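Single-structure report; data block below.
Chain naming here is simple, since letters A, B, ... match the order of the sequence lines and numbering starts at 1 in each. Note that the structure is predicted; figures quoted are calculated from it, not measured.
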There are 2 protein chains.
Amino acid sequence: MARPREFDEDAVLDAAVACFWRHGFDATSIRDLIGETGLTAASLYNAFGDKRSLFRLALERYIEGGIGQRLARYQEVSPLEGVRGYLRDVVERSLNDPANKGCMVVNAALEFATRDSEFRPMIAGTFARIEAFFLDCVRRGQHDGSVTRALADEDLARHCLAVLMGVRVLARIRPERAVLDGAVAALLRSLEARPDEGLLISRNDHAEIRPDTP
Amino acid sequence: MARPREFDEDAVLDAAVACFWRHGFDATSIRDLIGETGLTAASLYNAFGDKRSLFRLALERYIEGGIGQRLARYQEVSPLEGVRGYLRDVVERSLNDPANKGCMVVNAALEFATRDSEFRPMIAGTFARIEAFFLDCVRRGQHDGSVTRALADEDLARHCLAVLMGVRVLARIRPERAVLDGAVAALLRSLEARPDEGLLISRNDHAEIRPDTP
DNA sequence: TGCGTTTTAGTATGAGCGTTCTATAATGAC
DNA sequence: GTCATTATAGAACGCTCATACTAAAACGCA
């Protein structure tokens, strides 16, 4: 029993995601949001609270719509296909995005890294979800013999995560297919089981990087 | 034949690097710089121009002092040692930095990615220098037999670059030794030559990621 | 038809921003 | 000692920012 809203909340949130994704939190002004969403400042504040809470809603929307869907899609397939599909999807979307917006979560991770931020749990949690996806792929692959046992499952999963993050950064500043495909192809090759490898999974003592520690 | 400056320009630039490194360009205010350097706004503007030109000087200083020195140090050693030393250095410094500032160039890359920026050539050029370093390591290693020939040198170098970028991102939001060491250890293992591998260096057709293209 | 409630529209506000301006102070040259 | 030149100190400027405020408008219900 009151005046109804004149806008579609989902559409407004999509517009907010577009703004924040492209320019980040600080560089997006309320005026930008007003321009992109079409509503007034009063409506924005009334419906979504202040800038921080709107950003939170936009980030949540991005994570569920963007990353959650991708995770769900590729956890259905075979282990190596999961990793490959996920990374190829990221590469293709990156190369097809003329604005080179990268990943909103990675962007937010760097923007909020040095401030005490309410967003850090969301960001770290999202990275943890992705790492868990890779870990699941690796474990299934080590079990069915498609993924190498020469390294610990956690290390391989973190390797995947690092390459994903690296691709996200490189795609923004140097969006060339050769660069992104090359990095991903090498990662995928490194995951494959070698025909002569033993059956024992090695401990993750990280002797490769720190050989002088026992 | 005029009043001399009362400050040490190098010390002031170091303070500017500290500010911009920690908070980025936008989030660093002139007042922050005044507080950190001890100069007045008039002296800052008189000596270094506006905020953008000061940032340029700070970024140049960071690149030469931080990255250039590291590149020089590790291009003297054996191929795999070069890659390992470079990445271990980055990991150790990341874990020892309580502020988790990451890499100023990576931070700047994401901050300026979507604006038309005078800084992009500096940033992309720095990434290209690092990639060239990795490529040199890989080529020398493929020549002396320490690095795998199963993948093209450029792909392996880009793989190193991607992991480096990934480590830089992860170190800011999840600065745990296990994560960073694990990712790097897996990368280093993937570079090693396998005892049974052929002598031919494969073309970089990236069939691992894009198997359905000829 | 009026009332209570919520949404709109437009404007105002106070803080912070990058930058400039006005003096004043410190030097070397004459 | 005077002058030209440069560096300092601090206030001031114009602008943009996020946000709050004031009315008017649009509904369901009595």
Side-chain angles (χ1 to χ4, degrees), chain A residues 1-60 104 107-108 111-112 114-119, chain B residues 1-59 107-108 111-112 114-119:
Chain A
M1 60 173 193
R3 177 170 176 177
R5 290 193 177 157
E6 300 177 357
F7 58 89
D8 176 28
E9 300 188 20
D10 283 336
V12 167
L13 280 179
D14 282 338
V17 167
C19 278
F20 285 127
W21 189 0
R22 180 190 281 257
H23 299 113
F25 179 78
D26 273 344
T28 298
S29 70
I30 297 288
R31 281 172 178 78
D32 291 338
L33 293 164
I34 288 173
E36 195 78 16
T37 61
L39 17 72
T40 65
S43 295
L44 256 187
Y45 276 84
N46 178 62
F48 304 104
D50 65 3
K51 190 182 173 187
R52 293 185 80 87
S53 66
L54 177 57
F55 183 82
R56 166 174 285 275
L57 291 171
L59 188 56
E60 282 169 356
M104 186 175 168
N107 301 348
E111 182 165 10
F112 292 106
T114 46
R115 352 181 163 177
D116 56 340
S117 164
E118 54 184 294
F119 305 118
Chain B
M1 59 171 191
R3 177 172 176 177
R5 287 191 178 159
E6 300 176 358
F7 59 89
D8 177 27
E9 300 187 22
D10 284 336
V12 167
L13 282 179
D14 282 338
V17 168
C19 279
F20 285 128
W21 190 359
R22 180 189 281 259
H23 299 113
F25 179 78
D26 274 343
T28 298
S29 71
I30 297 288
R31 284 161 179 83
D32 290 339
L33 293 163
I34 287 172
E36 195 79 16
T37 61
L39 289 80
T40 64
S43 294
L44 257 186
Y45 276 84
N46 179 60
F48 304 103
D50 65 3
K51 189 183 175 187
R52 293 185 80 87
S53 66
L54 178 57
F55 182 82
R56 166 174 286 275
L57 291 171
L59 188 56
N107 301 348
E111 182 165 11
F112 292 106
T114 45
R115 351 179 165 179
D116 56 340
S117 164
E118 57 184 292
F119 304 118

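- Dashed line: the shortest gap from a side-chain N or O of Ser43(A) to OP1 or OP2 of dT8(C) is under 4.0 Å.
- Of the candidates dA9(D), dT5(C), dT7(C), the closest approach to any side-chain atom of Arg5(A) belongs to dT7(C).
- Atom C1' of nucleotide dC17(C) and atom CG of Asp50(B) are separated by 14 Å, given to the nearest angstrom.
- Atoms NE2 (His23(B)) and P (dC17(C)) sit 12 Å apart, rounded to a whole Å.
- Side chain of Glu36(A) to main chain of Ala18(A): no donor-acceptor pair is present (N/O by atom type, distance under 3.5 Å, no hydrogens or angles).
- The stretch residues 26-36 of chain A touches DNA chain D through Thr28(A), Ser29(A), Ile30(A), Arg31(A), each having a heavy atom under 4.0 angstrom from the strand.
- Atom CG of Leu44(B) and atom P of dC17(C) are 14 Å apart (whole Å).
- There is no side-chain donor-acceptor pair under 3.5 Å between Ser43(B) and Asn46(B).
- With rounding to whole Å, Arg52(B) atom CZ is found 12 Å from dG18(C) atom P.
- Side-chain atoms of Thr114(A) come within 3.5 Å of backbone N or O of Arg22(B) as a donor-acceptor pair.
- Panel note: side chain Asp10(A), backbone Leu13(A); no donor-acceptor pair is recorded below 3.5 Å.
- DNA chain D is contacted by both Ala41(B) and Phe7(B); Phe7(B) maps to the nucleotide lying nearer its 5′ end (nearest heavy atom per residue).
- Minimum atom distance to the side chain of Asn46(B) is reached by dA7(D), of the listed dA25(D), dT8(D), dA7(D).
- Between Pro4(A) and Tyr45(B), the residue anchored nearer the 5' end of DNA chain C, judged by the nucleotide with its closest heavy atom, is Pro4(A).
- You'll find a donor-acceptor pair under 3.5 Å spanning the side chain of Arg3(A) and the base of dT7(C), going by distance alone.
- A distance-only check finds no donor-acceptor pair linking the side chain of Asp14(B) to the backbone of Ala11(B) [under 3.5 Å].
- Here the C1' atom of nucleotide dC17(C) and the NZ atom of Lys51(B) are 8 Å apart, to the nearest Å.
- When each of dT8(D), dT6(C), dA9(C) is scored by its nearest atom to the side-chain atoms of Glu6(B), the top-ranked nucleotide is dT8(D).
- Classification of the Phe112(B)-Phe25(B) ring pair by plane angle, with boundaries at 30° and 60°, yields tilted.
- Here dC17(C) presents its C1' atom at 12 Å from CZ of Phe25(B), a figure rounded to the nearest Å.
- Both tests do not hold together for Arg56(A) against Phe48(A): distance to the six-membered ring centre under 6.0 Å, angle to the ring axis within 45°.
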